[in-house]
Amino acid sequence: MPELPDVEAFRQVLMNCGRRRRVTDIEVRDAGVLRGVTEKRLRRELTGRRLGKAWRHGKWLFVPTDGGSTLVCHFGMTGSLRCCRPDEPIEPHDRIVLTLDEARDLRYRDQRKLQGVRLADEYTVDRIVDGLGPDALTVDRSEFQDLLSGRRGAVKSALMDQSVIAGLGNLLCDEILWRARVDPRTPTRDLDRTALRRIHSAMGRVLTASVRAGRVPPRRSWLTGRRDDGEPSCPRCGASLRSTRVAGRRTLWCPRCQTSTTGDR
DNA sequence: ATAAAGTCCTGAAAGC
DNA sequence: TGCTTTCAGGACTTTA
């Protein structure tokens, strides 16, 4: 689930639920989601602290505390952040529960434990962000062209690469390339400026609508809305969609309308 | 049993 | 040739 729009939604959860609230207790229900931090240290450094303004870069969520360390969350493929009343039953995949004052708790829920939670000082936060490209929401057209220039692999691989642009995942990339009418396997270097401009523009539109929805919306008028169909067809032209593997991921695209590498149409 | 919306590591290819 | 960058594939993990 978690790509940029989902993580942005989790940030809102935090702002509504955790902002300025004090952590009164921490329960680590499955230490398998702790990354580079022990349960003991997590408890020691967070208990009694207030949560500051959460911020996001790409798919990473950073929650500063007034104790100096920052709680850093990554949600892998199945993670989420929930704001619950304490009487709501704990679910099997609630891996960490932060009890807050004022009768709220914050639950890091994750089925597969592909990523997790860490505790970082300023230096470590910088190191994480330094490894990422600019956040996809902030990339303007000329920066976008610069970031992609000279890449030799498939355009989808470049868009998926977090060190190039941070925040785009498998669904967003398929959606963006479909909207831009570009075959995901196209070598990036074969795209002319107009095609790149179209991809950038599609990225902006897809991101804006997705952030508003809190996820990549599975609307029938979007490619994403067809992913789970047995015989998916293109919402735009009706042709059968193709499903192959690009950059190691399932990739859905329309062989009829995703054909342009240049600025035609 | 296969595959899933993510990332890290490895070894290899491509580029200068 | 040699060094660096870029790329593809597998591992990690759990469940439908």
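What you see is a predicted model; the values in this text were computed from it and never measured. Chain identifiers are assigned alphabetically (A, B, ...) following the order of the sequence lines, protein sequences preceding nucleic acid strands; residue numbering begins at 1 within each chain.
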Next on the checklist: Taking Watson-Crick (N1-N3 plus N6-O4 or O6-N4) and G-U wobble (N1-O2, O6-N3), each under 3.5 Å, can you produce the dot-bracket string of DNA chain C? Use [ ] for crossing pairs and | for inter-strand ones.
Outcome noted: .|||||||||||.|||

Atom [atom1] of [X] and atom [atom2] of [N]: how far apart are they, to the nearest Å?
{"X": "A:F75", "N": "C:dT13", "atom1": "CZ", "atom2": "C1'", "result": "17 Å"}
{"X": "A:D94", "N": "C:dT14", "atom1": "CG", "atom2": "P", "result": "15 Å"}
{"X": "A:D161", "N": "B:dT7", "atom1": "CG", "atom2": "P", "result": "10 Å"}
{"X": "A:R109", "N": "C:dT14", "atom1": "CZ", "atom2": "P", "result": "17 Å"}
{"X": "A:L172", "N": "B:dG6", "atom1": "CG", "atom2": "P", "result": "9 Å"}
{"X": "A:L171", "N": "B:dA3", "atom1": "CG", "atom2": "P", "result": "18 Å"}
{"X": "A:M77", "N": "C:dT15", "atom1": "CE", "atom2": "C1'", "result": "13 Å"}
{"X": "A:Q162", "N": "C:dC7", "atom1": "CD", "atom2": "P", "result": "14 Å"}

Which part of the nucleic acid does [X] contact within heavy-atom distance under 4.0 Å: base, sugar-phosphate only, or nothing?
{"X": "A:R35", "answer": "nothing"}
{"X": "A:R227", "answer": "sugar-phosphate"}
{"X": "A:Q115", "answer": "sugar-phosphate"}
{"X": "A:G248", "answer": "nothing"}
{"X": "A:T224", "answer": "nothing"}

Nearest to side-chain heavy atoms of [X], which nucleotide of [options]:
{"X": "A:H74", "options": "B:dA5, C:dT15, B:dT7", "value": "B:dT7"}
{"X": "A:R151", "options": "B:dG6, C:dT15, C:dT6", "value": "C:dT6"}
{"X": "A:R112", "options": "C:dA8, B:dG6, C:dT13", "value": "C:dT13"}

Checklist entry - For A:R245 and A:K59, take the nucleotide of DNA chain B holding the closest heavy atom to each; which residue's nucleotide lies nearer the 5' end? => result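 Nearest-nucleotide comparison on DNA chain B picks A:R245.
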
Checklist entry - Less than 3.5 Å between a donor and an acceptor, one on the side chain of A:R152 and one on the base of C:dT5, is that the case here? => result yes

Checklist entry - Under 4.5 Å between any side-chain heavy atoms of A:L171 and A:P218, yes or no? => result no

Next on the checklist: Within the structure provided, determine whether A:L159 and A:L148 are in side-chain contact (heavy-atom separation under 4.5 Å).
Outcome noted: yes

Next on the checklist: Taking atom CZ as the centre, does A:R20 end up with more than 12 heavy-atom neighbours from other residues, nucleotides or ligands that are less than 6.0 angstrom away?
Outcome noted: no

Item to check | A:R141, CZ: over 12 other non-hydrogen atoms inside 6.0 angstrom | outcome: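 Count not over threshold, so no.
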
Item to check | Short side-chain N/O contact from A:H93 to OP1 or OP2 of C:dT13, under 4.0 Å | outcome: no

Checklist entry - So, is A:T78 close to the C:dT13 phosphate, meaning a side-chain N or O under 4.0 Å from OP1 or OP2? => result no

Checklist entry - So, A:D105 versus A:T99: side-chain donor-acceptor pair below 3.5 Å or not? => result no

Checklist entry - Does one side chain, of A:T124 or A:D121, offer a donor that lies under 3.5 Å from an acceptor on the other? => result yes

Next on the checklist: Angle between ring planes, A:H200 versus A:F144, binned at 30° and 60°: parallel, tilted or perpendicular?
Outcome noted: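 If you compare the ring of A:H200 with that of A:F144, the planes turn out tilted.
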
Checklist entry - When you compare B:dT2 with C:dG10, how far apart are their P atoms, in angstrom units rounded to a whole number? => result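 One P to the other, the span is 14 Å.
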
Checklist entry - With respect to the side-chain SG atoms, do A:C83 and A:C17 come within less than 2.5 Å? => result yes

